[in-house]
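Nothing fancy with the numbering, it's 1 onward along the sequence.
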Amino acid sequence: MFRPLPLFIGLRYTRAKRRNHFISFISAISMLGITLGIVALIVVLSVMNGFHTEIRERILSMASHATLSGPDGALADWPELLERVRQHEHVVGAAPFVEIQAMLAHGGNVNGAVLRGIVPNDEDQVADLRRDMIAGSVDDLTDGSFNIILGQELAMVLGVGPGDKVTVVTPQLSASPVGVMPRLKAFTVTGLFSVGMGDFDNGAAFISLEDGAKLLRLGEAVTGIRLKLDDMFRAPELSRQIALDLGGLYRVSDWTQSYRNFFQALHIEKRMMTIILFLIVAVAAFNIVSTLVMVVTDKRADIAVLRTLGASPRRIMAIFMVQGTTIGLVGTLLGAVGGVALALNVEAIVSSIERLFNVHFLDPSIYYISTLPSDPRLADILFICGGAFLMSVLATLYPAWRAARTDPAEALRYE
C-alpha cells in the first residue's frame, strides 16, 4: 500500500468527487481566492518596485550618490583633492561643482532655481544630464560664455527658449551708485533638459563651473565634489569612509539624506500595501477552515471506520491537514506562476488596454512616470508565497483537530 497513509487518504479526499458538491465549490473558491490574492500581491509589489527604481534613477540622474564640501562651503584645493578621490577603490566618478540659490527673471516672469556650475565632461561621470537634454548641448557650457541650460518646465514658466536671455539674481550683494544691490548677470539660454520630475524640471539650471565661481566670488574655489560610487546603497558608509581616508575636515552628505523623507514615504507605502493585500490571501486561506469543517462533518463515518481499524488521532489529523494544505499549495503555485507572468508583461498589457479604450491611466502632466514599470523580485515572491502557504497550513489545524477528536461510537450510531 502507498505510504504514508495520511498522505494517500488526504490526496484521495482532495481528488474524489464528493456527494456534497457545495463542499467542492467552497474548496475551489478557496483555491481561487489564494491564487488571485497572490497574483495581486506579486503584480502590485512588482509595479511598486519598478516605480521606486524609476524614481530613484531619475533622481540620481541629477543628484549624486554623495558630495564632499568644505566646512565653510568652499573647497580651495579641489584639483588635487579631485585626483585623490578618483583613485579611491569605491569611487566610479567624481566632478567639481558650484551651487547657487538664485532667482531667474525674464520680462515680468520670475522663478527660483538652483544653479549648478559644472564641467561638462566631468559631469558625465556622475550624472546623466547629457541623456536628458531635449534641446542644445551640455558642451555649450564653456567658461566665460555665460550660457545656461534650463529645465523644460522652468523655461516654460519664464517664457524663454534657446537663444533668449535670462537674468540671474544671486543673494550676494554688490555696491552700486544707488546703494547695495543683489548681484545681477544676464545669461543666454542654450539648452533645455527634461528629467520627468518637477523638482528638477522646474527648479534647476546649469552653467559652467567658472561662471558659477564668478557669481559667488569664490575665486579658484568650488562648492564641493560630487561622487558616484560603485554601490549607491552603501553611500552613507562609503562617503564617510572616503572622507576619513582623505584626511582633513569635510562636510559629507549622500542621496539617502537628501531624499530621506521621500524614499521613507515610498517604503511605508509599499509596506502598508503589502499588509492590505495580504488580507485578501488571509480571507481565502481561512476559507479552508469552513471547507474542512464541512468535510469533517461529511466524513464522520469514514473517520470512525479508520479509528476502529487502528488509525491514531494523530493520523486522522494528518489526513485533513494534507487535504487543506493541498488546496493551499495548489493555489499558491498557481498564484506564483500567474503573478510572475502578469508582472513581466504588465506594461504591455496596460498599453494594449490604453490603446483599445483610448484612455491614459497615468497622465505624464500629473504623475512622475507615464508607464507602469515592473520589477518582480525573488525575495518578494518567496515572501508572498511562503506567507500564503503558511496561512493555509495554519487554517487546517482546527478542523483537523476536530476530526481527530471524533468519537467512533457516536459517529457510527446512526449509520
Side-chain angles (χ1 to χ4, degrees), residues 33-66 195-200 229 231-237 253-286 328 331-351 353-354 360-392 394:
I34 293 172
T35 300
L36 293 179
I38 291 175
V39 168
L41 259 172
I42 291 176
V43 172
V44 168
L45 292 189
S46 297
V47 170
M48 294 186 75
N49 289 336
F51 178 77
H52 296 177
T53 301
E54 184 75 15
I55 294 297
R56 184 173 62 244
E57 289 180 354
R58 293 192 182 192
I59 288 176
L60 294 180
S61 69
M62 290 286 118
S64 57
H65 292 174
V195 180
M197 294 190 65
D199 291 347
F200 297 116
L229 307 174
D231 187 351
M232 66 179 179
F233 296 106
R234 295 179 59 199
E237 169 196 349
S253 63
D254 61 83
W255 69 275
T256 63
Q257 292 177 321
S258 304
Y259 300 93
R260 180 191 302 272
N261 293 338
F262 180 75
F263 285 104
Q264 186 67 23
L266 293 180
H267 179 70
I268 294 173
E269 180 186 16
K270 179 181 177 181
R271 181 179 299 175
M272 294 306 299
M273 189 63 69
T274 302
I275 294 173
I276 292 170
L277 291 177
F278 244 120
L279 294 178
I280 300 175
V281 181
V283 170
F286 283 98
T332 299
L333 293 177
L334 291 176
V337 173
V340 171
L342 187 57
L344 293 174
N345 297 280
V346 65
E347 189 170 354
I349 293 172
V350 171
S351 298
I353 294 174
E354 289 179 339
H360 205 154
F361 294 119
L362 297 176
D363 188 343
S365 65
I366 300 175
Y367 301 101
Y368 285 132
I369 57 178
S370 57
T371 59
L372 280 178
S374 181
D375 181 19
R377 297 177 183 174
L378 180 61
D380 288 340
I381 296 170
L382 293 178
F383 171 74
I384 293 167
C385 294
F389 181 69
L390 179 61
M391 284 191 288
S392 300
L394 293 176

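- Here the CZ atom belonging to F262 is positioned 5.0 Å from the CD1 atom belonging to I59, to the nearest 0.5 angstrom.
- Summarising the local packing, OH of Y259 is surrounded by more than 12 heavy atoms from other residues, nucleotides or ligands at distances under 6.0 Å.
- Partners of R377 according to the salt bridge (charged side-chain N to carboxylate O under 4.0 Å, His left out) rule, which considers only residues two or more places apart in sequence or in another chain, are D375.
- Here the CZ-CD1 distance, from F263 to I268, works out to 14.0 Å after rounding to the nearest 0.5 Å.
- Minimum interatomic distance between A336 and I42 (heavy atoms only, all atoms of both residues): CA-CD1, 3.9 Å.
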Could you go through R56 and H52, starting from their C-alpha distance and side-chain angles, then the distance that decides it, and tell me whether this counts as side-chain hydrogen bond (donor to acceptor under 3.5 Å, both in side chains)?
CA-CA 6 Å; R56 184 173 62 244; H52 296 177; over 6 Å; no
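- With rounding to the nearest 0.5 angstrom, the CD1 atom of I280 is 9.0 Å from the CG atom of L36.
- L382 pairs with exactly one of L378, D380, I384 by the side-chain contact (heavy atoms from CB on, under 4.5 Å) rule, that one being L378.
- Among K270, R271, E269, the single residue meeting the side-chain hydrogen bond (donor to acceptor under 3.5 Å, both in side chains) criterion with H267 is R271.
- Pairing each heavy atom of R58 with each of F200, the nearest pair is O-CE1, 4.2 Å.
- Across all their heavy atoms, L277 and A40 have their closest contact at CD1-O, 4.1 Å.
- Here CG of N49 is found 11.0 Å from CG of L266. Values are rounded to the nearest 0.5 Å.
- For the residue pair A388 and V281, the shortest heavy atom distance occurs at CB-CG1, 3.5 Å.
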Is there a side-chain contact (heavy atoms from CB on, under 4.5 Å) between I353 and I349 once you walk through the steps?
CA-CA 6 Å; I353 294 174; I349 293 172; 4.1 Å; yes
Evaluation steps, side-chain contact (heavy atoms from CB on, under 4.5 Å), between S392 and I34:
CA-CA 9 Å; S392 300; I34 293 172; 3.6 Å; yes
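- In plain terms, the two heavy atoms of C385 and I38 that are nearest each other are SG-CG2, 4.4 Å.
- One distance of note links NE2 of H65 with CG of D231; it measures 9.0 Å at 0.5 Å rounding.
- Shown here for A235 and D254, the closest heavy-atom pair between the two residues is CB-CB, 4.0 Å.
- Applying the side-chain contact (heavy atoms from CB on, under 4.5 Å) test to L344 and every residue at least two apart in sequence or in another chain returns V340, P376.
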